[in-house]
Amino acid sequence: QIPLKNVIELGYKKSIFGNKITILVDDLSYIEEVPNRDNNQMTLIIERKHIETAIDFVRAIRLDQSEKEYNQGMKNG
């Protein structure tokens, strides 16, 4: 498991070659056991039948991160 606070970037890419979720983390220890990772980034290949779930997942995480950033800004502002 990767805590959301350690996710720097979360991306979704849809193409004719396949659909992918990329996760960039600030601590390599969370993904050091993942095969084919690229330093502190891992890529997950999404099967066609799971595309909508993957899109919803990325949206939910991005929304959560945006809300936390907004609330932090309100506290500091």
**Request:** Applying side chain to side chain contact (heavy atoms under 4.5 Å, CB included), name anything that partners T22, two or more places apart in sequence or on another chain.
**Result:**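 T22 satisfies side chain to side chain contact (heavy atoms under 4.5 Å, CB included) with Q41, T43 once adjacent residues are dropped.
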**Request:** Check the surroundings of atom CD in E33: do more than 12 heavy atoms from other residues, nucleotides or ligands lie under 6.0 Å from it?
**Result:**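 No, because the 6.0 Å sphere around CD of E33 holds 12 heavy atoms or fewer from other groups.
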**Asked** Which residues, ordered by chain and number, are linked to I8 in its hydrophobic cluster, where ILVMFWY side chains connect at heavy-atom gaps below 4.5 Å, directly or through other members?
**Response**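 Under the 4.5 Å side-chain rule, I8 groups with L24.
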**Asked** Hydrophobic cluster mates of L4, side-chain heavy atoms under 4.5 angstrom, ILVMFWY only, any path?
**Response**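 L4 clusters with I2, V7, L10, Y12, I21, I23, V25, L28, Y30, I31, V34, M42, L44, I46, I51, I55, F57, V58, I61.
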**Request:** Could you note down all residue pairs passing salt bridge (charged side-chain N to carboxylate O under 4.0 Å, His left out) where residues 10-22 supplies at least one of them, sequence neighbours left out?
**Result:**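 Passing the test, one end in residues 10-22: no pairs.
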**Request:** May I have all residue pairs that pass salt bridge (charged side-chain N to carboxylate O under 4.0 Å, His left out) and include part of residues 44-53, sequence neighbours excluded?
**Result:** E47-K49
Under 3.5 Å, sequence neighbours excluded: what are the donor-acceptor pairs made by side chains of residues 67-77?
from: K68; atom 1: NZ; to: D64; atom 2: OD2; distance (Å): 3.2
from: N71; atom 1: ND2; to: E67; atom 2: O; distance (Å): 3.2
from: N76; atom 1: ND2; to: Q72; atom 2: O; distance (Å): 3.4

**Message:** Please enumerate all residues that pass side chain to side chain donor-acceptor pair (under 3.5 Å) together with S29, with sequence neighbours excluded.
**Reply:** D27
**Request:** Quick one: list whatever passes salt bridge (Lys or Arg N to Asp or Glu O under 4.0 Å) with R59, sequence neighbours left out.
**Result:**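 Salt bridge (Lys or Arg N to Asp or Glu O under 4.0 Å) check on R59 returns D56.
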